[in-house]
2 protein chains.
Amino acid sequence: MPYPIYTKAMPKRSSYHHGDLANALLDAAETVLQERGLAGFTLRECARRAGVSHSAPKHHFGDAQGLLSEIAARGFQRLTAGLSAEIAKAKGDLVGEFRATSIAYLNFAEEYPEHFRMMLRADLLCLDNANLFAAAQSTFNELTNLILRQRGEPEIGVQATSTNHEHAGNVIDDIIIGWTFVHGFAHLHLEKQLQMLGNADDQQERLLRAATRLSELLQIQAHKADH
Amino acid sequence: MPYPIYTKAMPKRSSYHHGDLANALLDAAETVLQERGLAGFTLRECARRAGVSHSAPKHHFGDAQGLLSEIAARGFQRLTAGLSAEIAKAKGDLVGEFRATSIAYLNFAEEYPEHFRMMLRADLLCLDNANLFAAAQSTFNELTNLILRQRGEPEIGVQATSTNHEHAGNVIDDIIIGWTFVHGFAHLHLEKQLQMLGNADDQQERLLRAATRLSELLQIQAHKADH
DNA sequence: TTCTTAACTTTTCACTGTCAAGATTGACGA
DNA sequence: TCGTCAATCTTGACAGTGAAAAGTTAAGAA
């Protein structure tokens, strides 16, 4: 892995204390992640961009794991926002909602590939981090409610879903099927495994067709369970 | 990321030339990957274990990307073998085959977590590598044929599937749905995202139930398309 | 025998995270 | 107003890293 070109130190600050270093580091870290990728991500480069010494980040985040966990939280927040925005546009149209979700998830992975990679690396993150946990939960919520609507069931909280799932029939199964589909496609696409299927020009098209089909399957089955 | 304890150099070889360094490095690299993880993987440690200087690997693999690509190929070979072995046990039982595949895929991710992580990192690998490409293709083949059987269609080669997919109706859609399910679950589980669903004790059980359901959906739909 | 080339070593360089010790500062109580 | 104290940030050192360049060794072809 060839080392990238490094940024020069920022002009010296007037005051000794930065004032808002934590946020400055978070912003810097997101830029580094996007520009240099996860493999090229270093704490020292983040510090350099924030205009502080290489050891300054330690006081705020401990180590890279701490910093990355916060950025992962931001990532999940952004993902959730993207999902709900696209779902809102298709509100009421069940197949449309499922298609919109699939595309929004894929778009996030394409727009923030290095965030996406990092967000799904349990070994690089501190999953106990409250911000991260809450943000990931909100994404999960969005997907759960999507599936509940597909099944024509009232939206319920995650807690309810996960705790009394004995009474929820096969809701959990459908949540898993929907979630793994949306995530699996984005992941396999990002890591270039879907090239196996042929030219990659029309991956969006391909995703849409599969999403349509899966949405129909879920609705059919839900309807069957009615009687 | 704390640095691990390092192995001492191997006892000096009698001859200047190693004789089979390429393979020795591959073996060493797999061990390093398993012991230290992807984040702790270094070329120098591989060289140390193979008993050669830290620059020796360059001659055989160029850089880490070259070495990892070969190991990724081994990984896909192992995964394919695991899938086909489990499928063979359930031969004839369609739901059973799909369940077996899901479990086998998950088992691979659990048994070789760092391989799995590395195999799905387009930025760390050289996807042009012939061994890697062929091995990944063989895994894809296994999954494709599984879906074709689910649909009650004759097994065909990947090339045929991907080129004249206009004539294949929604085969591609089902392949994608099946593949993303199996992969998505394993990935989300490995990266601890499924904890959202509650206690992780019975993840295998959860996977089996969802797999059963999806298999049934795929078969129902295939049957519907018959008339 | 000599030439050539592949396989491997050595050295050096710029960079990394971690750690310990020191400098600077603002806030708060006396 | 003054001290002191804890939080914030800097400095310097250490062991380890990948890459590149130059040197060494062995083996096989001419």
Side-chain angles (χ1 to χ4, degrees), chain A residues 1-26 28-29 32-33 35-69 118 123-126, chain B residues 1-26 28-29 32-33 35-69 118 123-126:
Chain A
M1 307 150 190
Y3 284 97
I5 301 143
Y6 295 88
T7 56
K8 289 178 191 150
M10 286 258 138
K12 281 279 171 192
R13 297 186 309 285
S14 53
S15 66
Y16 187 90
H17 283 8
H18 181 284
D20 192 21
L21 183 52
N23 277 316
L25 282 171
L26 287 172
V32 173
L33 198 56
E35 287 185 8
R36 307 225 204 284
L38 185 52
F41 178 87
T42 69
L43 275 182
R44 283 171 109 107
E45 179 63 18
C46 296
R48 226 171 275 139
R49 301 218 183 188
V52 293
S53 80
H54 63 262
S55 283
K58 191 187 184 184
H59 196 265
H60 293 272
F61 298 101
D63 55 4
Q65 193 154 318
L67 179 52
L68 287 176
S69 298
M118 181 267 292
D123 60 330
L124 296 183
L125 301 172
C126 177
Chain B
M1 305 147 192
Y3 284 97
I5 300 144
Y6 295 89
T7 55
K8 290 180 190 147
M10 287 258 136
K12 281 280 173 193
R13 299 185 309 285
S14 52
S15 68
Y16 187 89
H17 285 354
H18 181 285
D20 191 23
L21 183 52
N23 277 316
L25 282 171
L26 287 171
V32 173
L33 198 56
E35 286 184 10
R36 305 227 203 284
L38 185 52
F41 179 87
T42 69
L43 274 181
R44 284 170 108 110
E45 178 64 19
C46 297
R48 224 171 277 138
R49 302 218 183 189
V52 294
S53 80
H54 63 259
S55 283
K58 188 185 186 184
H59 196 266
H60 293 273
F61 298 101
D63 54 4
Q65 192 153 321
L67 178 52
L68 287 176
S69 298
M118 182 269 291
D123 60 329
L124 297 183
L125 300 173
C126 178

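Letters A, B, ... are given to chains in the order of the sequence lines, protein chains preceding strands, and every chain is numbered from 1.
Here the side chain of A:Thr42 is nearest to one of C:dG17, D:dT17, D:dC9, namely C:dG17. Among the nucleotides C:dA7, D:dT8, D:dA19, the one closest to any side-chain atom of B:Asp63 is D:dA19.
One interatomic measurement links the two molecules: CG of B:Leu21 to C1' of D:dT25, which rounds to 15 Å at whole-angstrom precision. Rounded to whole Å, atom P of C:dA7 lies 13 Å from atom CG of B:Asn23. What separates CG of B:Leu43 from P of D:dA19 is a distance of 7 Å, to the nearest Å. Spacing between atom NE2 of B:His59 and atom P of D:dA20 amounts to 15 Å, rounded to whole angstrom units. With rounding to whole Å, A:Leu25 atom CG is found 13 Å from C:dG17 atom P. For the pair A:Gln65 CD and C:dG17 P, the interatomic distance rounds to 14 Å; values are reported in whole Å.
Residue B:His54 comes nearest to B:Pro57 through the heavy atom pair O-CD, 3.5 Å, listed as atom of the first residue, atom of the second, then distance.
In terms of polar N and O atoms assigned as donor or acceptor, the side chain of A:Arg44 comes within less than 3.5 Å of the base of C:dG17 in a complementary pairing.
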With the criterion being N/O to N/O and under 3.5 Å, what pairs connect the protein with nucleotides 19-21 of chain C, and how long is each?
from, atom 1, to, atom 2, distance (Å)
C:dC19, N4, A:Ser55, OG, 2.7

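With hydrogens and angles ignored, the 3.5 Å screen pairs no side-chain donor or acceptor of A:Ser69 with any backbone N or O of A:Leu125.
OP1 or OP2 of D:dT11 has not a single side-chain nitrogen or oxygen of A:Ser53 nearer than 4.0 Å. For A:Arg48 and C:dT16, the shortest distance from a side-chain N or O to OP1 or OP2 is below 4.0 Å.
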Q) Under the side-chain contact (heavy atoms from CB on, under 4.5 Å) criterion, do A:Val32 and A:Arg49 qualify, and how do the steps go? A) CA-CA 9 Å; A:Val32 173; A:Arg49 301 218 183 188; 3.7 Å; yes
